[in-house]
Amino acid sequence: GQSLEQPSEVTAVEGAIVQINCTYQTSGFYGLSWYQQHDGGAPTFLSYNALDGLEETGRFSSFLSRSDSYGYLLLQELQMKDSASYFCAVRRSSASKIIFGSGTRLSIRP
Amino acid sequence: DVKVTQSSRYLVKRTGEKVFLECVQDMDHENMFWYRQDPGLGLRLIYFSYDVKMKEKGDIPEGYSVSREKKERFSLILESASTNQTSMYLCASTSPRGGRSYEQYFGPGTRLTVT
């Protein structure tokens with residue numbers, strides 16, 4: 001079957017660093033994406049990894065290990081506005097077909 | 001900026017009604033998608049379309065159909081709404097041009113309640 005596993009909830013302190021892990025098992029793999037969704041809002045794209053390694057975009061970084069079917073999103077210098085749900089998603093074909101994980105709700109404490 | 005709009009933010013329908021959810025994007029994207037989002041289940045793909053009049057089933061197409069008569073518009077149809085179709089429906093679009101087809105742009109969503 002096809003599945004993506006990520007923690008349902010994570011809590012962290014403002015200013016700290018948090019890592020959200022994602023493991024996947026899918027038929028077909030072109031890359032791993034991360035999306036952010038605030039309550040009541042639409043998902044917005046954060047990052048994409050097609051190759052092994054770390055991609056950095058400001059305070060956010062994303063990592064992929066294809067051999068381990070594993071990736072993570074790293075958020076640094078956490079801010080209260082980072083409180084949201086984060087979804088990992090596997091791109092299964094060149095035609096943009098994506099399967100999403102069930103999401104990780106990140107709560108930030110002052 | 002890419003803009004994806006959906007016809008309604010909230011919709012209440014009765015069991016057995018035919019329901020139309022409309023999605024329009026203004027960036028000339030070829031690919032459009034319909035997802036439903038339920039707590040603990042993430043986003044699940046219902047249908048997608050690569051081009052006008054082209055459609056392909058996603059992971060949960062049962063009870064739904066779609067229509068794409070114009071490139072900018074992708075409609076989701078519930079032929080006979082049922083209570084288990086109460087959900088948040090999200091439309092998304094992307095383009096294979098420019099090498100960023102992995103980046104999907106989402107509309108604000110339609111929260112559908114079927115009573």
Side-chain angles (χ1 to χ4, degrees), chain A residues 1-9 20 22-51 55 57 60 62 64 71 73 84-106, chain B residues 1-6 8-10 23-25 27 29-51 54-61 74 87-111:
Chain A
Q2 303 190 82
S3 67
L4 283 82
E5 298 289 334
Q6 54 181 126
S8 58
E9 293 185 33
I20 300 174
C22 175
T23 58
Y24 59 88
Q25 181 180 351
T26 60
S27 58
F29 181 86
Y30 275 68
L32 184 71
S33 300
W34 290 90
Y35 285 78
Q36 178 192 61
Q37 184 180 32
H38 287 99
D39 285 347
T44 56
F45 173 82
L46 288 177
S47 67
Y48 177 73
N49 294 67
L51 303 175
E55 295 280 344
T57 309
F60 294 2
S62 57
L64 175 66
L73 180 69
S85 292
Y86 293 85
F87 295 88
C88 60
V90 165
R91 183 184 176 202
R92 292 182 286 181
S93 72
S94 61
S96 312
K97 193 174 175 182
I98 288 176
I99 181 169
F100 283 83
S102 55
T104 298
R105 187 172 185 87
L106 174 63
Chain B
D1 281 350
V2 175
K3 192 169 183 180
V4 181
T5 57
Q6 296 183 226
S8 305
R9 287 303 306 269
Y10 300 94
C23 175
V24 177
Q25 49 91 6
M27 282 299 292
H29 282 175
E30 289 80 3
N31 302 334
M32 296 187 74
F33 307 81
W34 274 107
Y35 297 90
R36 64 176 282 176
Q37 183 174 22
D38 301 288
L41 297 177
L43 284 75
R44 293 180 292 166
L45 182 64
I46 304 171
Y47 266 97
F48 60 105
S49 169
Y50 296 123
D51 203 346
M54 303 291 287
K55 61 184 178 183
E56 194 166 323
K57 293 180 180 179
D59 299 310
I60 52 165
F74 192 34
S87 186
M88 171 68 82
Y89 290 87
L90 290 161
C91 174
S93 73
T94 190
S95 173
R97 292 174 278 127
R100 292 182 67 87
S101 60
Y102 50 80
E103 183 174 355
Q104 295 196 0
Y105 295 86
F106 284 84
T110 296
R111 184 166 295 282

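The chains referred to below are lettered A, B, ... by the order of the sequence lines, with proteins before strands, and numbering in each begins at 1.
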Open item on the list: I need the A:Gln37 CD to B:Leu90 CG distance, nearest 0.5 Å.
Closed with: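 With rounding to 0.5 Å, CD (A:Gln37) is 6.5 Å from CG (B:Leu90).
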Open item on the list: If I take atom CD from residue B:Gln104 and atom OG1 from residue A:Thr44, how far apart are they, to the nearest 0.5 angstrom?
Closed with: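 Going from CD on B:Gln104 over to OG1 on A:Thr44, the span is 12.5 Å.
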Examine whether an atom of [X] lies under 4.5 Å from a heavy atom of chain A, and if so say whether it belongs to the side chain, the backbone or both; otherwise answer neither.
X: B:Asp59; value: side chain
X: B:Gln37; value: side chain
X: B:Arg44; value: neither
X: B:Leu43; value: both

- [ ] Can you label the angle between the A:Phe100 ring and the B:Tyr35 ring as parallel, tilted or perpendicular, going by 30° and 60°?
- [x]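 Plane angle over 60°, so perpendicular.
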- [ ] Mind ranking A:Gly41, A:Pro43, A:Gly103 by heavy-atom pairs under 4.5 Å with chain B and telling me who comes out on top?
- [x]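 The residue among A:Gly41, A:Pro43, A:Gly103 with the greatest pair count is A:Pro43.
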- [ ] Could you tell me which of A:Ser102, A:Ser85, A:Ala42, A:Ala50 has the largest number of non-hydrogen atom pairs under 4.5 Å with chain B?
- [x]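 Heavy-atom pairs under 4.5 Å are most numerous for A:Ser102.
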Task: ring-ring contact (aromatic ring centres under 6.0 Å, His included) against A:Phe60, all qualifying residues, sequence neighbours excluded - done: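 So A:Phe60 forms no ring-ring contact (aromatic ring centres under 6.0 Å, His included) with any residue.
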- [ ] Please look at A:Ser8 and chain B and tell me whether the side chain, the backbone, both or neither of the residue comes under 4.5 angstrom of a heavy atom of that chain.
- [x]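 Neither part; nothing is under 4.5 Å.
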Open item on the list: Has B:Tyr102 got a side-chain atom pairing as donor or acceptor with A:Tyr30's backbone, closer than 3.5 angstrom?
Closed with: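 Such a contact is absent between B:Tyr102 side chain and A:Tyr30 backbone.
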